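Please read the structure below before turning to the comments.
Just so you know, these numbers come straight off a predicted model, no measurement behind them. Below, chain A is the first sequence line, B the second, and so on; all start at residue 1.
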Amino acid sequence: MSEQATSQKLTELAKRRGYFFQSSSAYGGVGGFYTFGPQGAALKGNLEDAWRERFAVSEGNMEIDAPTIMPEPVFESSGHLDTFDDMLIECPECGESHRADHIVEDNTEYEDAESLPIPEVEEIVAEYELVCPSCGAGLAGQAIDDFNLMFATNIGPGDAQPGYLRPETAQGIFVEFPRLKEYARNTLPFGVTQIGRAYRNEISPRRSIIRTREFTQAELEYFIDPEDEGPDLSSVEDVSVRLYAVGEQQADDGSIRETTIGEAVADGTIADPWVGYFLGVSQEWYASVGVDMDRFRFRQHLAGERAHYASDCWDAESEIDGNWIEIAGFAHRGDYDLSKHAEGSGDRFTVFRQYDDPQTVERATVDPDMSYLGPEFGGDAGAVVDALEDLAVSDREAFEGEHVEIELAGESHEIPVEKTGFSVDEETIAGEHIIPHVIEPSFGVDRLLYTVLHHAYAEDEVAGEERTYLELEPEVAPTFVGVFPLQSDDDLEATAREIATELRAAGLSVTYDDSGNIGRRYRRQDEVGTPFCITVDYESLEDGTVTVRERDSTAQKRLPVDDLAETLAALRAGDVAFEALEG
RNA sequence: GCGCGGUUGGUCCAGUGGUAGGACAUUAGCUUCCCAAGCUAAUAGCCCGGGUUCAAUUCCCGGACCGCGCACCA
């Protein structure tokens, strides 16, 4: 079976069995939007729960849930208004679209064409007689399209304030930093997670749910002290990883570096130990939810590819149809985001770092007697105070005599020292305000879901009949167990329904099915990836046991109904293997 | 956004200037003591708009959507 065929079969299966499908198709459909069906929504929820458990709960991080619409100034500060705004110019000859700002920068002395207004760029194109990079046709007179990847909207009625649907969830965390740091009791490091939707008005959505206009991200923003030397790597240093670092990419000979997190951090391949830590945690987590590690790697961003503020950046990639797709990004963003929001908002986006040993400094200050300076200098009194303050800092000795001399507008004035309130005090400085740095692991949930389905897709033969099944991990499988009566029979059906009800009460995702023969029902569950099926037969009515059948092996065991909920819960949690069960 | 190809029951496809057929799936009944079996029946479809025509699912034009290539993917 070719990879291409797998992808087509998977899309067909996803539609037929309720994993995902094009939205609004009754109205002709709309590009780049997908609805997750009953199975897909459950799988997505399970993946999000697993992510939350690993990256929020286990790590001791805080989860928040911010709005998807934010006002324009947020995106002015974050840089998205500029960088998500493309100037496209279309060639009248060959019809290809190009970035007008790039053409201008490449062929003229203008260096930052992106920041110029569109009419000006159009003028430059005409003035320099710039041509299409593809076919050489002249571009003068062609209109430049302003294309912003962010969805714009208005907040409130009337002269509403402009807002945008967030193009990434991260800003919802960054803008709330001043409050979030309070919840973290002003101590670094701390992490904040968010699982939510983000929106990008893609020019050309493609390839099923891999590139859509509305998608779900699971992001962690981990705030560290800029001088932080990194985490304890002992829990991840032995994790084997496949790294497609800059060197391998430049060699372009298909090589990949097989190493461990510990080694890669030690030899500097992974520049930042925090990034290394999250790569290790993520790889193990990906494996636990069913990503095939033979079709998984970490790829380092090339210098020209990463954002200017990111010092080291890696993507997690999975292989689909022979292509590598990005399913997560890991970036050291420095203090870029918090600095920008501090600048844009005027709020303080810092944490107070106490020194190990408080520093004591001597400070010379003045506390002038205004009842003297006021009458004496009138409107110039304020300027006199400023001059005294400056002088206290720059020249304490000036205050040693009876009078202190200051210059004001070229004139010299003498002021009695006793009226200046001059004093030298010891002051203790306990620490300083610092802007934390941010490590950002950012996961694409939809692409993960697609990868998990793709990697789970399997075909085999059972008793001479072809079978399609999804080898989903029990922890994330949307339906965990199917319950069937062996055949049409009131007693069997009643017992089977009872068992289904009990298992649901125990918190398991159960489906009941009495339609068609038993084999057909097994195949139905195989195709949606249900890991276990339970069949009630006549023996069950007598001795209280049922057949439990495992999806991947199709092996069966007879197990007592009394322990069923407990046994299944253990199977789901991975505490026990099916082969190891007595029965 | 450009180019090429495509769009017919739930799914995958065939086909036609006189409004359609198969396979699988689904539902009901029969059968069936563990892997898509069999029999009977039922449900269900020509992407949207305009044009040509006595008549358009079919031909033409435009649009939407899907796939692939180019571009884009901070």
Side-chain angles (χ1 to χ4, degrees), chain A residues 4 7-9 11-18 21-34 37 75 78-99 102 114 132-135 145 147-150 167-168 170 200-208 210-213 305-310 313 321 325-326 329 331 336 460-469 484-489 492 515-527 533-541 546-551 553-556 558:
Chain A
Q4 189 59 42
S7 202
Q8 282 169 359
K9 288 177 195 173
T11 303
E12 187 261 319
L13 190 153
K15 267 192 276 191
R16 196 159 41 77
R17 292 297 193 191
F21 51 87
Q22 170 111 49
S23 294
S24 304
S25 60
Y27 290 92
V30 54
F33 294 92
Y34 283 82
F75 301 109
S78 71
H80 286 95
L81 266 182
D82 280 340
T83 57
F84 258 36
D85 198 31
D86 286 344
M87 302 179 189
L88 297 179
I89 189 163
E90 191 184 318
C91 172
E93 291 297 319
C94 68
E96 289 203 4
S97 285
H98 298 277
R99 290 273 298 265
H102 288 179
E114 191 171 15
C132 170
S134 303
C135 71
D145 276 332
F147 186 79
N148 194 322
L149 236 44
M150 284 195 293
E168 60 174 18
R200 294 181 194 182
N201 198 4
E202 295 283 354
I203 297 171
S204 167
R206 279 290 163 84
R207 299 181 65 196
S208 184
I210 291 175
R211 193 160 157 201
T212 56
R213 292 189 165 121
E305 184 180 3
R306 59 179 187 246
H308 59 277
Y309 49 78
C313 197
D321 298 342
I325 62 164
E326 177 191 349
Y336 176 83
D460 68 359
E461 215 172 80
V462 174
E465 295 282 347
E466 278 194 8
R467 176 174 80 128
T468 298
Y469 62 110
F484 318 138
L486 181 62
Q487 62 186 52
S488 300
D489 179 295
L492 294 182
S515 161
N517 67 46
I518 192 73
R520 176 181 299 254
R521 288 176 247 156
Y522 283 149
R523 297 305 162 81
R524 278 186 191 130
Q525 295 311 314
D526 285 343
E527 211 178 33
C533 290
I534 289 168
T535 300
V536 174
D537 57 22
Y538 294 100
E539 211 177 319
S540 309
L541 303 180
V546 289
T547 306
V548 179
R549 178 258 198 190
E550 188 195 36
R551 176 195 63 208
S553 63
T554 75
Q556 302 186 338
R558 269 208 100 73

Checklist entry - In whole angstroms, how far is the P atom of B:rC35 from the CD atom of A:Glu527? => result 19 Å
Checklist entry - Atom OH of A:Tyr27 to atom C1' of B:rC66: distance rounded to whole Å? => result 21 Å
Next on the checklist: Both distances below 3.5 Å, Watson-Crick or wobble geometry, any strand: find the nucleotide opposite B:rU19.
Outcome noted: none
Next on the checklist: Between the base of B:rC33 and the side chain of A:Asp537, is one N or O donor paired with an acceptor at under 3.5 angstrom?
Outcome noted: no
Checklist entry - For A:Arg213 and B:rC66, what is the distance between atoms CZ and P respectively, to the nearest whole Å? => result 8 Å
Checklist entry - How is A:Gly464 classified with respect to the nucleic acid when contacts are heavy atoms under 4.0 Å: base, sugar-phosphate, or nothing? => result nothing
Next on the checklist: I'd like the P distance from B:rA56 over to B:rG50, given in whole Å.
Outcome noted: 12 Å
Checklist entry - A:Arg16 has a side chain; which of B:rC34, B:rG10, B:rC72 sits nearest to it? => result B:rG10
Item to check | Check: A:Ser25/A:Gln22 side-chain N/O donor and acceptor closer than 3.5 Å | outcome: no
Checklist entry - Does any non-hydrogen side-chain atom of A:Ser78 lie less than 4.5 Å from one of A:Glu168? => result no
Checklist entry - When the distance from NZ of A:Lys15 to P of B:rC12 is rounded to whole Å, what number comes out? => result 4 Å
Checklist outcome for this item: The nucleotide from B:rC35, B:rC34, B:rC66 with an atom nearest the side chain of A:Arg549 is B:rC35
Checklist entry - Rounded to whole angstroms, how far apart are CD on A:Gln8 and P on B:rC13? => result 8 Å
Checklist entry - Start at the 5' end of RNA chain B and walk down; is the nucleotide closest to A:Ala555 or to A:Arg211 reached first? => result A:Ala555
Checklist entry - B:rA64 and B:rC48: how far apart are their C1' atoms, nearest whole angstrom? => result 7 Å
Item to check | Any side-chain heavy-atom pair of A:Leu149 and A:His80 under 4.5 Å | outcome: no
Checklist entry - Which base sits across from B:rA42 as a Watson-Crick or G-U pair, both distances under 3.5 Å? => result B:rU26
Next on the checklist: Once you apply a heavy-atom cut-off of 4.0 Å, does A:Gln556 come out as touching a base, just sugar-phosphate, or nothing?
Outcome noted: base
Checklist entry - Distance check: side-chain N/O of A:Ser515 vs OP1/OP2 of B:rU27, anything under 4.0 Å? => result yes
Checklist outcome for this item: Under a 3.5 Å limit on both distances, the Watson-Crick or wobble mate of B:rC35 is none
Checklist outcome for this item: Rounded to whole Å, CD of A:Glu12 lies from C1' of B:rU11 at a distance of 5 Å
Item to check | Nucleotide opposite B:rC2 in a Watson-Crick or G-U pair, distances under 3.5 Å | outcome: B:rG69
Next on the checklist: Between the side chains of A:Glu539 and A:Arg558, is the shortest nitrogen-to-carboxylate-oxygen separation below 4.0 Å, so that they form an ion pair?
Outcome noted: yes
Checklist entry - What distance, rounded to whole Å, do you find between the two C1' atoms, one in B:rU8 and one in B:rU19? => result 12 Å
Checklist entry - Could one point to a donor on the side chain of A:Ser488 or the base of B:rU32 with an acceptor on the other under 3.5 Å away? => result yes
Checklist entry - Does A:Arg206 make a side-chain donor-acceptor contact with the base of B:rG69, cut-off 3.5 Å? => result yes
Checklist entry - Which value, in whole Å, describes the distance between the C1' atoms of nucleotides B:rA36 and B:rU26? => result 14 Å
Next on the checklist: Using the side-chain heavy atoms of A:Arg558, tell me which of these nucleotides is nearest: B:rC34, B:rU31, B:rU11.
Outcome noted: B:rC34
Checklist entry - Side-chain contact, heavy-atom cut-off 4.5 Å: A:Thr468 with A:Lys9? => result no
Checklist entry - Starting at CD of A:Glu465 and ending at C1' of B:rC24, how long is that distance when rounded to a whole Å? => result 13 Å
Next on the checklist: Measuring only the P atom in each nucleotide, how far is B:rU16 from B:rU53? A whole number of Å is fine.
Outcome noted: 24 Å
Item to check | A:Tyr522 and A:Thr535 side chains, donor-acceptor separation under 3.5 Å | outcome: yes
Item to check | Same-atom distance (P) from B:rC12 to B:rC68, integer angstrom | outcome: 15 Å
Checklist entry - Looking for any heavy atom pair under 4.0 Å, which part of the strands does A:Arg520 touch: base, sugar-phosphate only, or nothing? => result sugar-phosphate
Next on the checklist: Please give the distance between the C1' atoms of B:rG67 and B:rC24 as a whole number of Å.
Outcome noted: 23 Å
Checklist entry - Can you find a donor-acceptor N/O pair under 3.5 angstrom joining the side chain of A:Ser204 to the base of B:rC72? => result no
Checklist entry - Hey, are the side chains of A:Arg213 and A:Asn201 touching, using non-hydrogen atoms and a 4.5 Å cut-off? => result yes
Item to check | Short side-chain N/O contact to B:rU26 OP1/OP2 from A:Arg524, under 4.0 Å | outcome: yes
Item to check | Atom-to-atom span, OH of A:Tyr469 to P of B:rA36 - whole angstrom | outcome: 16 Å
Checklist entry - Expressed in whole Å, how much space separates the P atoms belonging to B:rG38 and B:rG1? => result 49 Å
Item to check | Mate of B:rU53 where both pairing distances stay under 3.5 Å, Watson-Crick or G-U | outcome: none
Checklist entry - Does A:Gln487 have a side-chain nitrogen or oxygen under 4.0 Å from the phosphate oxygens OP1 or OP2 of B:rC34? => result no
Next on the checklist: Under 4.0 Å from OP1 or OP2 of B:rU32: is there any side-chain N or O of A:Asn517 that close?
Outcome noted: no
Checklist entry - Which part of the nucleic acid does A:Glu326 contact within heavy-atom distance under 4.0 Å: base, sugar-phosphate only, or nothing? => result nothing
Checklist entry - In terms of the nearest nucleotide of RNA chain B, which residue is placed more toward the 5' end: A:Glu466 or A:Phe33? => result A:Glu466
Checklist entry - Looking for any heavy atom pair under 4.0 Å, which part of the strands does A:Arg521 touch: base, sugar-phosphate only, or nothing? => result nothing
Next on the checklist: Within the structure provided, determine whether A:Pro485 and A:Arg521 are in side-chain contact (heavy-atom separation under 4.5 Å).
Outcome noted: yes
